[in-house]
Amino acid sequence: MKIAVCIKQVPDSWAEKKMVDGLLDRVNVDAVLNDLDEYAIEEAMRIVEAHGGNDEGGPHTITVISMGPERASESIRKALSMGANGGILICDVALAGADALTTSKVLSTVISQGEFDLIICGTESTDARMSVVPAMIAERLGCAQLTYASAVTVDPSAKKVAITRVTETGVEEMFGEFPVVVSVVEKINEPRYPSFKGIMAAKKKTIETMNVASLGISIEGQWSVVVDASLRPARAAGVIITDDGTAGDQIVAFLVEKKLI
Amino acid sequence: MSNVLILADFIGAKLSRTTAELATAAARIAEVTAVVLAPVGKGSEYAAAVSHGPITNILVVESDSFTTHGVAASADVLNQIITTKAPRAVLIASHAFGKEVAGRVAVKSNSGIITDAVDISADLIATQLVFGGSTAVHSKISHGVPIITVRPNSITPDLREVHPIIETLIMEIGESAKKSVVTSVQPPEEGGRPELTEADIVVSGGRGTNGDFTAVEAFADSLGAAVGASRAATDAGWYPHSHQVGQTGKTVSPQLYVACGISGAIQHRAGMQTSKAILVINKDPEAPIFEIADFGVVGDLFSVLPKATEGINARKA
Ligand SMILES: Cc1cc2nc3c(=O)[nH]c(=O)nc-3n(C[C@H](O)[C@H](O)[C@H](O)COP(=O)(O)OP(=O)(O)OC[C@H]3O[C@@H](n4cnc5c(N)ncnc54)[C@H](O)[C@@H]3O)c2cc1C
Ligand SMILES: Nc1ncnc2c1ncn2[C@@H]1O[C@H](COP(=O)(O)O)[C@@H](O)[C@H]1O
């Protein structure tokens, strides 16, 4: 079974973010592995561990794929130290500021060239916050889409993946046959910390670098453009009181003032 | 004739209020056609529910694939309609399902996509709020049919009653849209309270409730509000996951958000920061949630909430 995990390096969610020329300033903030993608890496590990592991030369491999600047290799390295076998970084100036359409095109090209059986994503990148890339990859590959999974079961011999998901309409059970794109929610597992051994082993693993030309695709440019971005007026400082027994009444007065009751 | 498509937003069999909000935004651009995707035999019932908002036409497609094959089947049909109707734009509700449908349609139609818009102008410029609502971004789509998802509760709906012209379309759903198969759906428990994303007021409880949501629920009911929860509360099993507000839960932007016993972690704020007004009740004056409060009470939720509830109920009596 060949598993691909799509991970993104994002600005640290605690860092102050700002826009420069209509794009998120990614240069001057700390970059980290999108924390929601750690669950995807962990789930890939658990899936192979349930089927004999991913030792070199064995039947199961995990490849981490990331599109991003050169330093995104740090995030790939982290995934490798958690136990993934290898990584692919797609890095190209033409991809700077890429939107979801371009991202999904690049990722699905790498995935189809690598003939992966199972593609695991996080549910959202904490910077773009679109939650569309996994669905777009499935659309481009014309394969099954099993998103927002809170439990995943894989049967490698039957080439089947079954998931449980919680949606607006209730709890759903779904399945699909390889190749399958899965996205996992953060409740699915507890990501492991890389062990010392894992960190040492990761240093010897290979990260293959690709660009638009080596992928053999063309980038059509932007599908959407930012017209402008502006700071909104800061929220007026609120009124903070300490309860002296009258807070209930003061809340009622606040609600009346806001015309909410 | 120029038109804008909206995807009528059904949660299960129930039409959501977001549909009228989509129609209101769409009507600024051109005449509005609502697409209704219904299970076999339910088309007229579903279409009849789409009776409020500036909608001129309804296109109904019936198929059980919408339930069995989910997002992919809905995207397939919506794209076929786009191909025949050549709309000026397509507006869809911005929730997990709506965004995925939009994403797939954007790929199929080679069109640009904007998600989580809080406003759209007549010339199709979308407004998004980023970085916790501190920055407004205006953007437009430069390629294809603009596919825009609109965040529930962001646009004041025009709720006029209408009698749109209803047309039923027969459509084949492509094989590649049938690759994922839903084998069972267990409906959520009916709470009787409004939907989180649609509610005018949301009252949420966190770890500070210590598992006892009685005071939170009573306060919510006095206001006709929906009940939300922090991840600490859903992880502990105190409240269902479907009520989680935040980055990995729901994004809400009600008229009023009430945070009770919630510290205000960045992941929680990501789901409620664009609420119009924020009321906070927390024992710890240092809790970061106070930074975004319009009105904050440093106090014990178990004594403050019941008194506020009593006060509200007394006014109603
Ligand atoms: C990948 C990831 C995704 C996440 N997604 C989400 C998400 O979607 N939504 C979310 O909410 N969190 C999310 N979190 C978790 C988030 O980081 C916080 O851990 C969580 O929001 C904390 O919940 P809380 O505020 O209820 O609990 P705490 O942080 O423990 O705060 C409890 C508060 O209650 C107050 N309190 C205690 N007793 C009382 C009382 N009697 N009366 C009044 N106040 C009282 C305390 O002073 C404290 O401020 C996510 C975390 C990660 C890593
Ligand atoms: N540049 C990228 N490289 C690799 N994976 C990505 C990238 N962008 C998004 N993804 C994957 O798609 C998921 C959803 O991202 P998004 O649609 O941007 O919110 C993420 O959790 C990742 O798994």
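Naming: A, B, ... by sequence-line order, numbering from 1 per chain. Side chains included, hydrogens not; waters and symmetry mates left out as well; all remaining heavy atoms used. The model shown is predicted, which means the values in this text are computed figures rather than measured ones.
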* To do: Look up atom CD1 in B/Ile125 and atom CG in A/Asp228, then write down how far apart they are to the nearest 0.5 Å.
  => 8.0 Å
* **Part of A/Leu255 lying under 4.5 Å from any heavy atom of chain B** => side chain
* Check each atom of B/Leu305 against the heavy atoms of chain A and say whether the ones under 4.5 Å are side chain, backbone, both or neither. => neither
* Asked: If we ignore angles and hydrogens, is there a donor and acceptor under 3.5 Å between the side chains of A/Gln145 and B/Glu100?
  -> yes
* chain B heavy atoms under 4.5 Å from A/Glu124: which part of the residue, side chain, backbone, both or neither? -> side chain
* To do: Go through the atoms of A/Leu36 and report whether side chain, backbone, both or neither lie under 4.5 Å from a heavy atom of chain B.
  => side chain
* To do: Measure the NZ-CG distance between A/Lys258 and B/Asp294 for me, rounded to the nearest 0.5 Å.
  => 5.0 Å
* By a 4.5 Å heavy-atom criterion (distance strictly below it), what part of A/Ile241 contacts chain B: side chain, backbone, both, or neither? -> both
* Asked: Considering only heavy atoms, which portion of A/Val256 lies under 4.5 Å from any heavy atom of chain B: side chain, backbone, both, or neither?
  -> side chain
* **Interatomic distance, B/Gln244 atom CD to A/Glu186 atom CD [nearest 0.5 angstrom]** => 5.5 Å
* Relative to each other, are the rings of B/His143 and A/Trp223 parallel, tilted or perpendicular (30° and 60° limits)? -> tilted
* Please state whether the side chain, the backbone, both or neither of A/Ala162 comes within less than 4.5 Å of a heavy atom of chain B. => neither
* **Under 4.5 Å from any heavy atom of chain B - which part of A/Phe175** => both
* Asked: In Å and rounded to the nearest 0.5 Å, what is the CG to CG distance from B/Leu301 to A/Asp243?
  -> 11.0 Å
* To do: Heavy-atom distances under 4.5 Å only: say whether B/Lys250 touches chain A with side chain, backbone, both or neither.
  => side chain
* Asked: Which region of A/Val225, side chain (C-beta onward) or backbone (N, CA, C, O), has a non-hydrogen atom less than 4.5 Å from a non-hydrogen atom of chain B, or is it both or neither?
  -> both
* For chain A, which of B/Asp200, B/Leu196, B/Val182, B/Leu256 has the most heavy-atom pairs under 4.5 Å? -> B/Val182
* Asked: chain B heavy atoms under 4.5 Å from A/Glu220: which part of the residue, side chain, backbone, both or neither?
  -> side chain
* Which atoms of A/Asp249 approach chain B - backbone, side chain, both or neither, heavy atom under 4.5 Å -> neither
